[in-house]
There are 2 protein chains.
Amino acid sequence: MVAMAEFAPDVPVYIQLAGILRDQMASGQIQPRQPLPSIAHLSQTYGVADQTVKKAIRILRDEGLVHTWPGKGTFVSEQSG
Amino acid sequence: MVAMAEFAPDVPVYIQLAGILRDQMASGQIQPRQPLPSIAHLSQTYGVADQTVKKAIRILRDEGLVHTWPGKGTFVSEQSG
DNA sequence: CACAATTTGTTCGTATGTATT
DNA sequence: TAATACATACGAACAAATTGT
């Protein structure tokens, strides 16, 4: 049973995806200091383009919920749970 | 005389590059069990990014024409000539 | 054993072009 | 026109395997 998301119409996918990830961090499904799935992985999981995932992650980064290190990955901030 | 490729428009470079390498294997310019030029070398030769070369090689690998050993290189399969 | 060079793989960032709405 | 979404392409950093010194 894969969590294949159904995206609601009239709301941009990248905003919905940011919401999904935000919820997973808030609920502790993704813990502080732990890495998010890679862009490529999220792209495949949700069936969206890399660029769309990058846009979603950028939102979370702007909110300070995650920190990104190029070449390593994106990690959940400590102030996110 | 370097084979500086002119890439046609409207066809992705990585697909054209895969075609070039495929032709070289089919014609015997690159023999079975022999290594392809390294990614860095192909990148310089054809004036494209590493990622583009990797995408081209991935196509050939998916087709079974080459096999890759990380740290060693990519080698032409026996069923490719 | 340690170290560096080479090689592939993986990661994220950015920019551009195209199509759709 | 603008925003969204996808595909392509380049740039850069990090990791791991291999090889040679």
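In what follows, every chain begins at residue 1, and chains take the letters A, B, ... in the order their sequences are listed. This structure is a prediction, so every number in the text was calculated from the model and none was measured. Hydrogens, waters and symmetry mates are skipped; everything else that's a heavy atom, side chains included, is used.
- Applying the side chain to side chain donor-acceptor pair (under 3.5 Å) test to pairs two or more places apart or on separate chains, none has a residue in residues 10-19 of chain B.
- Atom CD of B:Q24 and atom CD of B:Q31 lie 12.0 Å apart (nearest 0.5 Å).
- Contact check for A:L21 versus A:L42: side-chain heavy atoms found under the 4.5 Å cut-off.
- In plain terms, the two heavy atoms of B:I20 and B:Y46 that are nearest each other are CG2-OH, 3.6 Å.
- Going from atom OG of B:S77 over to atom CE of B:M25 covers 7.5 Å, rounded to the nearest 0.5 Å.
- Atom CD of residue A:Q44 and atom CG of residue A:D50 lie 9.0 Å apart, to the nearest 0.5 angstrom.
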Write down the protein N/O and nucleotide N/O pairs, taken from nucleotides 2-11 of chain C, whose separation is under 3.5 Å; answer none if there are no such pairs.
residue	atom	partner	partner atom	Å
C:dT8	OP2	B:I39	N	2.8
C:dG9	OP1	B:R61	NH1	2.9
C:dG9	OP1	B:R61	NH2	3.4
C:dG9	N7	B:K54	NZ	3.4
C:dT10	O4	B:K54	NZ	3.0
C:dT11	O2	A:G71	N	3.4
C:dT11	O4	B:Q51	NE2	2.2

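- Annotation: of the two residues near DNA chain D, A:Y14 and B:V11, the 5′-most nearest-nucleotide partner is A:Y14.
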List the atom pairs, donor and acceptor, that lie under 3.5 Å between side-chain atoms in residues 59-66 of chain B and the rest of the protein, sequence neighbours left out.
residue	atom	partner	partner atom	Å
B:R61	NH1	B:T68	OG1	3.0
B:E63	OE1	B:R22	NE	3.1
B:E63	OE1	B:R22	NH2	3.4
B:E63	OE2	B:R22	NH2	3.0

For this session: Could you please spell out the steps behind the side chain to side chain contact (heavy atoms under 4.5 Å, CB included) verdict for B:K54 and B:I39?
Result: CA-CA 7 Å; B:K54 291 171 186 175; B:I39 291 173; 3.6 Å; yes
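- Taking the 5' to 3' direction, DNA chain D first and last meets chain B under 4.0 angstrom from a heavy atom at D:dT8 to D:dT19.
- Atom CG of B:L36 sits about 11.0 Å away from atom NE2 of B:H41, to the nearest 0.5 Å.
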N/O contacts under 3.5 Å, protein versus nucleotides 17-20 of chain C?
none

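- Other cluster members for A:W69: A:F75, joined by side-chain heavy-atom distances under 4.5 Å among Ile, Leu, Val, Met, Phe, Trp and Tyr.
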